[in-house]
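Convention: sequence-line order gives letters A, B, ...; per-chain numbering from 1.
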2 protein chains.
Amino acid sequence: MRAAAEVVHRQGAERTTIADIARVADVPVGNVYYYFKTKDELVVAALCEHARQLELLTGRLDQLSDPRERLKGLIQTWMDQRDLAARYGCPTGTLAVELDKRDKDGLDVEAGRVIRLLLAWVERQFHELGQPEPDSLALTLVGAYQGMSLLTNALRDPSVMDREGARLLAWLDSMEAA
Amino acid sequence: MRAAAEVVHRQGAERTTIADIARVADVPVGNVYYYFKTKDELVVAALCEHARQLELLTGRLDQLSDPRERLKGLIQTWMDQRDLAARYGCPTGTLAVELDKRDKDGLDVEAGRVIRLLLAWVERQFHELGQPEPDSLALTLVGAYQGMSLLTNALRDPSVMDREGARLLAWLDSMEAA
DNA sequence: GTCTATAAAATGATAGAC
DNA sequence: GTCTATCATTTTATAGAC
């Protein structure tokens, strides 16, 4: 699953072959099919791995007492991954983009689920901050992150992440506490 | 080229076969290869088609005398395409995400070029508005668009585009003229 | 230039020995 | 549970008639 998440992030779901994942996981190709009946199940596994990473992160941030500091910690984590983002973009966002092109199979919905997880956590922080429209603010913050990840990636320029990240931090600081 | 742009937007570059494009263009598969030696050349063609559309749009907007109105017209155009964005995302952005996963072939750079085209035009408008850091503002505006397109698409919810678009319009209106 | 038929390659998936 | 060998399918790309 870890290999799947890593390779799918780097190469994209469609370009990734079972052989690619098997090589990174250091097992023969046939063996993969003992645990995952289809390639799509591997993609779901990659998605779950990202969800798990997100829960680990928000769990750590929840230790902080101030919701504003939690949000700033989230943004700082994103900024710390600027180089990875410049090369391969946000793992969840880029995978969602790819899966959203599909019909029929419910994989497109799966990708949305991880993003909803992030949105819900961010919304909770804004709510605790006493903001009047926490859902809209969450949309703006997560949207800004996905947008700056995409531009960082498309322009191959990590400094985009720094500049936009700094703007978001200042934005949070400028908010009135309730 | 029009068929390529359309199908690649809907299905993504990797999932799109030459046969898919040929069917939409209503020509036999073999004929496609008379004009495009490889599949990648078709992807480049789709990209050029998007660049052409962008130039048509900015050309129309340049007729407006006020740069602020030009930017608002751009955002309004994006909002008008909310339903397409909810189903398939931003044509240029989603294609860029996919091509950025590649190595070696220079196709990843090609995708960045179209986005740079948009960034440059937006930056020019902010410059004419007398804003001190037009490049940063352009990054913020285009980033916001890419982010809200991705969320609109991942959540399959056109209203995301409305809410975030309205926020951007208000943001533009709140800017001091120079 | 247009089209049909087909070659060539890549890759998802399985069978069966161990 | 692990691994090798292989099948079956899809898809890129080409050959050659018209």
Side-chain angles (χ1 to χ4, degrees), chain A residues 1-50 88 91 94-111, chain B residues 1-50 88 91 94-111:
Chain A
M1 287 178 68
R2 206 160 45 234
E6 181 193 323
V7 181
V8 166
H9 180 209
R10 288 208 311 259
Q11 306 189 347
E14 300 299 338
R15 278 182 93 81
T16 295
T17 68
I18 313 283
D20 290 334
I21 297 173
R23 194 175 333 109
V24 171
D26 204 38
V27 294
V29 187
N31 199 1
V32 175
Y33 280 95
Y34 183 77
Y35 295 97
F36 304 93
K37 272 185 273 293
T38 65
K39 182 183 170 180
D40 279 358
E41 284 189 19
L42 267 171
V43 175
V44 172
L47 223 33
C48 288
E49 189 68 17
H50 291 312
Y88 304 112
T94 58
L95 188 47
V97 165
E98 220 178 341
L99 296 181
D100 280 329
K101 302 285 183 190
R102 297 195 179 191
D103 285 339
K104 297 188 300 182
D105 57 15
L107 241 61
D108 47 353
V109 185
E110 289 297 319
Chain B
M1 286 178 67
R2 205 160 46 233
E6 181 193 323
V7 181
V8 166
H9 180 210
R10 288 208 312 258
Q11 307 189 348
E14 301 298 338
R15 277 181 94 82
T16 295
T17 68
I18 312 284
D20 291 333
I21 297 173
R23 193 175 334 109
V24 171
D26 202 39
V27 294
V29 186
N31 199 359
V32 174
Y33 281 95
Y34 182 78
Y35 295 96
F36 304 93
K37 271 185 273 295
T38 65
K39 181 183 171 179
D40 279 358
E41 284 189 20
L42 266 171
V43 176
V44 171
L47 224 33
C48 288
E49 189 67 17
H50 291 312
Y88 305 112
T94 56
L95 187 47
V97 164
E98 219 178 341
L99 297 180
D100 279 330
K101 303 283 183 191
R102 297 196 179 189
D103 285 339
K104 296 189 299 182
D105 57 15
L107 242 61
D108 46 353
V109 186
E110 289 297 320

> What residues form a side-chain contact (heavy atoms from CB on, under 4.5 Å) with A:A111, not counting sequence neighbours?
Replying inline: A:L47, A:A96, A:L99

> To the nearest Å, how far apart are B:N31 CG and C:dG1 C1'?
Replying inline: 7 Å

>> Minimum heavy-atom separation for B:V32 and B:A22, please, with both atom names.
In response: CG2-CB, 3.9 Å

> Residues in salt bridge (Lys or Arg N to Asp or Glu O under 4.0 Å) with A:R2, at least two apart?
Replying inline: none

>> Tell me which residues in residues 33-44 of chain B lie within less than 4.0 Å of DNA chain C, going by non-hydrogen atoms.
In response: B:Y34, B:Y35

>> If the condition is side-chain contact (heavy atoms from CB on, under 4.5 Å), which residues does B:V109 pass it with, not counting sequence neighbours?
In response: none

Pick out the pairs of N or O atoms, protein on one side and nucleotides 15-18 of chain D on the other, that lie under 3.5 Å.
none

> Considering all heavy atoms of both residues, which atom of A:D108 and which atom of A:D105 are nearest to each other, and what is their separation?
Replying inline: OD1-O, 3.3 Å

> What parts of residues 94-110 of chain B reach DNA chain C, counting only heavy atoms under 4.0 Å away?
Replying inline: none

> Tell me the ring-ring contact (aromatic ring centres under 6.0 Å, His included) pairs involving residues 19-41 of chain A, sequence neighbours left out?
Replying inline: none

> Restricting to pairs with a member in residues 31-46 of chain B, which pass salt bridge (Lys or Arg N to Asp or Glu O under 4.0 Å), not counting sequence neighbours?
Replying inline: B:D40-B:R102

> Got a sec, which residues hit ring pair (Phe, Tyr, Trp, His ring centres under 6.0 Å) with A:H50, two or more places apart in sequence or on another chain?
Replying inline: none

>> With the threshold set at under 4.0 Å for non-hydrogen atoms, list the residues of residues 5-28 of chain A touching DNA chain C in residue-number order.
In response: A:T16, A:T17, A:I18

>> List the residues meeting side-chain contact (heavy atoms from CB on, under 4.5 Å) with A:A13, not counting sequence neighbours, and say none if there are none.
In response: A:V8, A:V43, A:L95, A:E98

> Can you name the nearest heavy-atom pair linking A:A5 to A:E49, along with the distance?
Replying inline: CB-CG, 3.6 Å

>> By the salt bridge (Lys or Arg N to Asp or Glu O under 4.0 Å) test, which pairs, at least two apart or in different chains, include something from residues 19-30 of chain A?
In response: A:D20-A:R23

>> If I compare all heavy atoms of B:M1 with all of B:C48, which pair ends up nearest, and what's the gap?
In response: CE-CB, 4.2 Å

